[in-house]
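A short write-up of the structure that comes next.
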Amino acid sequence: MPATCVIGLQWGDEAKGKVVDLLTQQHDIVVRYQGGANAGHTVVAGGEVYKLSLIPSGIFRPGVQCVVAGGTVLNPEALLQEIDGLTARGVQVGKNLMISDRAHVIFPWHFEEDRLMTDQGADAESIGTTLRGIGPCYRDKVGRSWAIRLGDMYRASFRDQIEKVAAAKTRSLSSLGAGGETFQLDAGRIFQQYSDHAERLRPYVADTTAYLLDAIEAGKRILFEGAQGALLDIDHGTFPFVTSSNSSGAGVAAGAGVPGRVVTKVVGILKAYCTRVGGGPFPTEQDNQVGQHIRDRGNEYGTVTRRPRRCGWFDAVAARYTVRLSDVDVLAVMLLDVLSELPEIHICTGYELDGRRIVDFPSHVDDVRRVVPVYETLPGWNQEISDVRHYDDLPTAARNYVSRIGQLVGRPVGLVSVGPDREQTIVVKSQNI
Ligand code: IMP
C-alpha cells in the first residue's frame with residue numbers, strides 16, 4: 001500500500017500544510033513525526049484560515065486518523081490550546097487524534113534554557129530559535145538522565161521524576177545565570193500543572209508505533225508530514241543553524257517508528273524562491289528591494305513568531321542537494337504568484353568558492369557563508385497568476401521558470417501553487433503527485 005512523505009526542501013515554511021491537506025484525501029492516516037510547536041502550518045479550509053503547530057493537518061478531513069508520533073517534542077499546554085481552538089471552531093478532535101506515549105515533554109526549564117542560550121549567543125550570530133524549548137528538550141532526550149516522556153506522566157514515579165529533574169535544573173540554570181541567586185523551580189507546582197494536562201490528554205495517548213505497524217500490515221495508506229525543511233536538519237542542514245531534529249526524509253523512520261522502506265513516494269516541497277527565519281548562512285539572500293517585494297507579496301512573516309523572514313532567489317544547488325538527500329520523486333513548487341511583476345528572475349545554478357566553481361552544497365557552515373552564487377537570469381511575467389488553474393494557462397515565462405527549476409534539481413514538478421486556497425493549485429497532469 002502506498003505511503004507518502006512530504007518533506008520541505010529549504011529552510012522551512014515551504015507551505016507544506018497545503019500539500020499535506022490536498023494529499024490527505026488519498027490517505028487514511030496522517031503522521032507528524034519530528035519537531036514540535038516550533039512548526040507553524042497554515043491550512044485554508046472552507047475559506048477559514050487555521051494555524052496548526054503539532055496536530056497534523058489531516059484533522060480537517062473526516063475519517064482520517066491523525067498521529068503525533070514518538071519523534072516529536074510536546075508542550076502539553078500548547079497542544080491542549082490547539083485542540084481547544086479547533087474544537088471551538090467546530091473541528092472534531094477525538095478518537096481521530098492519537099499521541100505517542102514515547103514523545104518527549106517540554107517543561108518550563110526548557111523554555112528558560114532556550115532563552116538563556118539565545119541571550120548568551122547574542123554577540124555572535126545567534127541561531128535565533130523559536131524559543132519554544134525544542135532544542136533543550138531534544139538535548140535532554142539524547143542525554144537521557146533528565147528526559148521525561150509523555151508516558152512517564154501516567155506513572156506513580158512521575159512526582160519523583162519531576163522533583164529530581166527540577167532540582168538538577170535549578171542547579172544548572174542558576175549556574176547559567178538564570179534569575180541570579182534566587183532561581184528556583186517549583187517542583188510541586190509543575191507536577192500539579194503537568195498532571196492536570198496529562199489527565200486532559202489521556203484520551204489521545206497511545207502506543208502509536210504499534211498502531212502504525214499494524215496499520216502498515218493492514219494495508220492502510222499513510223502520509224508522513226515533515227516539519228521544517230531539510231536545510232534545517234540536525235545532521236544534514238547548515239549546522240549549527242538548524243533545528244534539533246531530522247527534518248529531511250532521514251527523519252521519517254526514526255521519528256514515526258516505521259521501517260524506512262514503507263515510504264513509496266516522497267513529495268518534495270519548494271518555494272519558488274527561498275526564505276529563512278533566524279540566523280545562519282543564506283547564499284541567495286536579497287537584503288534589498290527584491291527581498292522586500294517577496295516579503296510583502298508572500299506575507300513572509302513567521303507563523304509562530306511573526307519574525308520577518310529573510311528572502312532571496314531560488315537556490316538550485318541547495319535544492320538539488322536536499323532533493324537527493326530525501327530521494328524526492330516529485331516536486332511541488334509553491335508561492336509562484338509571489339514572483340509576478342518582477343521584470344526578471346534569478347536562479348542560482350552554482351556556487352563559486354575561492355574562485356572555483358562547485359556543484360555540491362558545502363558541508364561546513366563557514367563555506368556556505370563564503371560561497372558566491374552564480375545566477376542565471378530568466379524573464380519575469382507581468383500578469384497576476386493567482387486565478388490560473390491549468391498549467392498551460394500560465395504565462396510562458398512562468399512555465400519556463402517552473403520547468404527550469406525541475407531541470408536544475410533533477411526531478412519533475414507535479415504541482416504548482418498560486419495562492420493559499422485549496423483551489424489555487426495547479427496539478428501537472430502528466431505527473432502523478
Ligand atoms: P528551533 O527549532 O526553535 O530550535 O529553532 C532553530 C532554527 O530553526 C531557527 O533558525 C528557527 O527559526 C528555525 N525553525 C524552527 N522551526 C521552523 C519552522 O517551522 N519554519 C522555519 N524555520 C524554523
Side-chain angles (χ1 to χ4, degrees), residues 6-20 32-43 51-57 68 71-75 78 82 104 106 109-122 124-142 225-248 251 255 269-271 273-282 285 295 298-312 318 322 334-335 365 368-369:
V6 173
I7 300 292
L9 297 175
Q10 294 155 324
W11 282 285
D13 309 317
E14 298 92 350
K16 295 176 290 291
K18 175 171 168 175
V19 179
V20 170
R32 260 292 301 272
Y33 55 89
Q34 44 76 227
N38 48 350
H41 289 178
T42 306
V43 181
K51 306 244 183 243
L52 298 176
S53 283
L54 252 168
I55 297 180
S57 12
V68 178
T72 56
V73 286
L74 311 175
N75 169 0
E82 210 169 313
H104 281 253
I106 299 176
W109 45 84
H110 293 131
F111 294 110
E112 194 60 23
E113 287 167 340
D114 217 353
R115 192 183 63 73
L116 275 173
M117 294 313 287
T118 299
D119 290 352
Q120 289 176 358
E125 186 179 7
S126 151
I127 295 175
T129 75
T130 57
L131 297 175
R132 297 295 187 273
I134 306 293
C137 184
Y138 275 120
R139 185 168 55 214
D140 280 343
K141 167 179 170 172
V142 176
E225 173 179 0
Q228 290 88 39
L231 293 171
L232 288 173
D233 186 288
I234 180 75
D235 290 302
H236 309 291
T238 48
F239 188 87
F241 299 96
V242 291
T243 192
S244 297
S245 62
N246 285 116
S247 48
S248 70
I269 317 295
L270 289 166
K271 268 180 182 165
Y273 47 90
C274 282
T275 61
R276 168 158 215 172
V277 228
F282 180 177
E285 181 167 18
R295 190 172 305 113
N299 188 24
E300 292 294 357
Y301 295 87
T303 313
V304 175
T305 57
R306 296 308 298 161
R307 288 180 288 178
R309 294 181 185 141
R310 300 157 63 193
C311 300
T322 52
M334 313 302 286
L335 294 127
V365 73
V368 183
R369 197 173 273 123

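Ligands are counted one by one from 1 in listed order, and the atoms in each one are counted from 1 as well. Values below: every heavy atom of this structure, side chains too, minus hydrogens, waters and symmetry copies. Residue indices begin at 1 and follow the sequence shown. Computed from a prediction, not measured in an experiment: that's the story for all the values here.
Looking only at side-chain heavy atoms (C-beta outward), Ile106 and Phe111 come within less than 4.5 Å of each other. You'll find the side chain of Thr129 stays beyond 4.5 Å of the side chain of Asn38, heavy atoms only.
In terms of protein heavy-atom proximity, atom 14 (N) of ligand 1 is nearest to Leu232 CD1, 3.9 Å. Scanning all protein heavy atoms for the shortest distance to atom 3 (O) of ligand 1 gives Thr130 OG1, 2.6 Å. Looking only at heavy atoms of the protein, atom 11 (C) of ligand 1 is closest to Gly128 O, 3.7 Å. Protein heavy atom in closest approach to atom 2 (O) of ligand 1: Thr243 OG1, 2.6 Å. For atom 5 (O) of ligand 1, the nearest non-hydrogen atom of the protein is Thr129 CA, 3.4 Å. Shortest contact from atom 21 (C) of ligand 1 to any protein heavy atom: Asp13 OD2, 3.1 Å.
Within the structure, the closest approach of Ser244 to ligand 1 does not fall below 4.0 Å when heavy atoms are considered. At least one heavy atom of Gln228 sits less than 4.0 Å from an atom of ligand 1. Heavy atoms of Ala39 come nearer than 4.0 angstrom to ligand 1 in at least one pair.
Only the side chain of Arg307 comes within 4.0 Å of ligand 1, judged by heavy-atom distances. With a 4.0 Å heavy-atom cut-off, ligand 1 is reached by no atom of Phe241. Residue Val242 touches ligand 1 through its backbone alone, judged by heavy-atom distances below 4.0 Å.
Looking only at distances, no side-chain donor or acceptor of Lys18 sits under 3.5 Å from a matching main-chain atom of His41. Judged purely by atom type and a 3.5 angstrom limit, Arg276 has no side-chain atom pairing as donor or acceptor with the backbone of Gln10. Side-chain atoms of Glu112 do not come within 3.5 Å of backbone N or O of His110 as any donor-acceptor pair.
Near Trp11, with a cut-off below 4.0 Å to any heavy atom, the atoms of ligand 1 are 21 (C), 22 (N). Within ligand 1, counting atoms from 1 as listed, the ones closer than 4.0 Å to a heavy atom of Ile127 are 6 (C), 9 (C), 10 (O).
Checked by atom type, the side-chain pair Gln34/Ser245 shows a donor-acceptor distance below 3.5 Å. No hydrogens or angles considered: nothing links the side chains of His104 and Asp140 as a donor-acceptor pair under 3.5 Å. Side chains of Asp13 and Thr275: no donor on one and acceptor on the other come within 3.5 Å.
Of the N or O atoms in Gly12, none lie within a sub-3.5 Å distance of an N or O in ligand 1.
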Report task. For side chain to side chain contact (heavy atoms under 4.5 Å, CB included), just list the numbers for Arg309 and Val277, CA-CA rounded to whole Å, side-chain angles, deciding distance to a tenth of an Å, and then say yes or no. Result -> CA-CA 5 Å; Arg309 294 181 185 141; Val277 228; 4.1 Å; yes

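The minimum heavy-atom distance between Val365 and Phe239, with the atom names listed, is CB-O, 3.2 Å.
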